[in-house]
Amino acid sequence: MTLIDGKAIAAQIKQEIAEEVNEIVARGGKRPHLAAILVGHDGGSETYVAHKVKACEQCGFKSTLIRFEDDVTEERLLETIAELNANDDIDGFIVQLPLPKHIHEQKVIEAIDYRKDVDGFHPINVGRMSIGLPCYLSATPAGIIELLRRYEIPTKGAECVVLGRSNIVGKPVATLMMQKAYPGNATVTVCHSASKDIAETCRRADIIIAALGQPGFVTADMVKPGAVIIDVGTTRVPSTVTKSGWKLKGDVDFDNVAPKCSYITPVPGGVGPMTICSLMRNTLLAAKHAIYTV
Ligand code: GUN
């Protein structure tokens, strides 16, 4: 069994990006600039955004954090998005989700110029991804695909079972895994809350991508010997061992599943660290105008 070390791969990718930024700046080019909008003080969102700002430093990017209180109006938020769309110094930006209930999340996403949508959430980017055109790929699916690529895991003709059909993980990763490309070219089955006999479906899988947010859902009896297991779950569960009083638990019963499989991602340290790399890569592409030239 090989443990897929997302933390090490993520560090390597950030290093590669930093080297490219150094070359761009040495040639007199512009340093990539990412902006992030954070609304309110949700603990998870604060942590994610802090990590994104730190990753910008590691990659040699400029970053700008724009904060609003929970009671910011939708109108004010949309005005800020319009300013960022028009600001030539900002290559890409994100609005950290979730947003407070009074703000229409989809309206906010669609207000972002798709050429600066480095989260890859805009319907134009999602649509381009689904028909295999160059686009900003959203962070988690792109991170999973990159791990499969870096570990040279065979995917052509593989039976791939995706657990979960969310817009930000399940659906896009299923789309990418069926695309005629490497990694991809797999036969993909997506299971969700209405699926029958998920255990039997999983037992046929060469690759399982678990993204349901149910800690320990994938048990050893659901896994074929030699299968590849990608665990996207990151549920906070109480812990007496950590200082914070909680720890992250994946969707896979790691201790019992790991001995049966060929490759597995740990939680934490698997898919998680890769997601920020995808955002950094998209920001670099945005700065280079590598995808949309108009
Ligand atoms: N909230 C959880 N994940 C993400 C992400 O990838 N991007 C944004 N903007 N918000 C999130």
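Whatever order the structure lists them in is the order used to number ligands and atoms, beginning at 1.
Val53 and Leu284 fall into different hydrophobic clusters, where Ile, Leu, Val, Met, Phe, Trp and Tyr side chains are chained together by heavy-atom contacts under 4.5 Å.
Aromatic ring centres of Tyr136 and Phe121: separated by at least 6.0 Å.
With a 6.0 Å radius and a threshold of 12 heavy atoms from other residues, nucleotides or ligands, Lys260 has its NZ atom above the threshold. Environment of CG in Asp197: crowded, with over 12 heavy atoms of neighbouring residues, nucleotides or ligands closer than 6.0 Å. With a 6.0 Å radius and a threshold of 12 heavy atoms from other residues, nucleotides or ligands, Glu75 has its CD atom at or below the threshold.
Within 4.0 Å of ligand 1, counting heavy atoms only, the contacting residues are Lys52, Val95, Gln96, Leu97, Asp119, Phe121.
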- Query: Hey, mind stepping through Lys52 and Glu57 against salt bridge (Lys or Arg N to Asp or Glu O under 4.0 Å) and telling me if it holds?
  - Reply: CA-CA 9 Å; Lys52 290 171 186 178; Glu57 281 166 27; over 6 Å; no
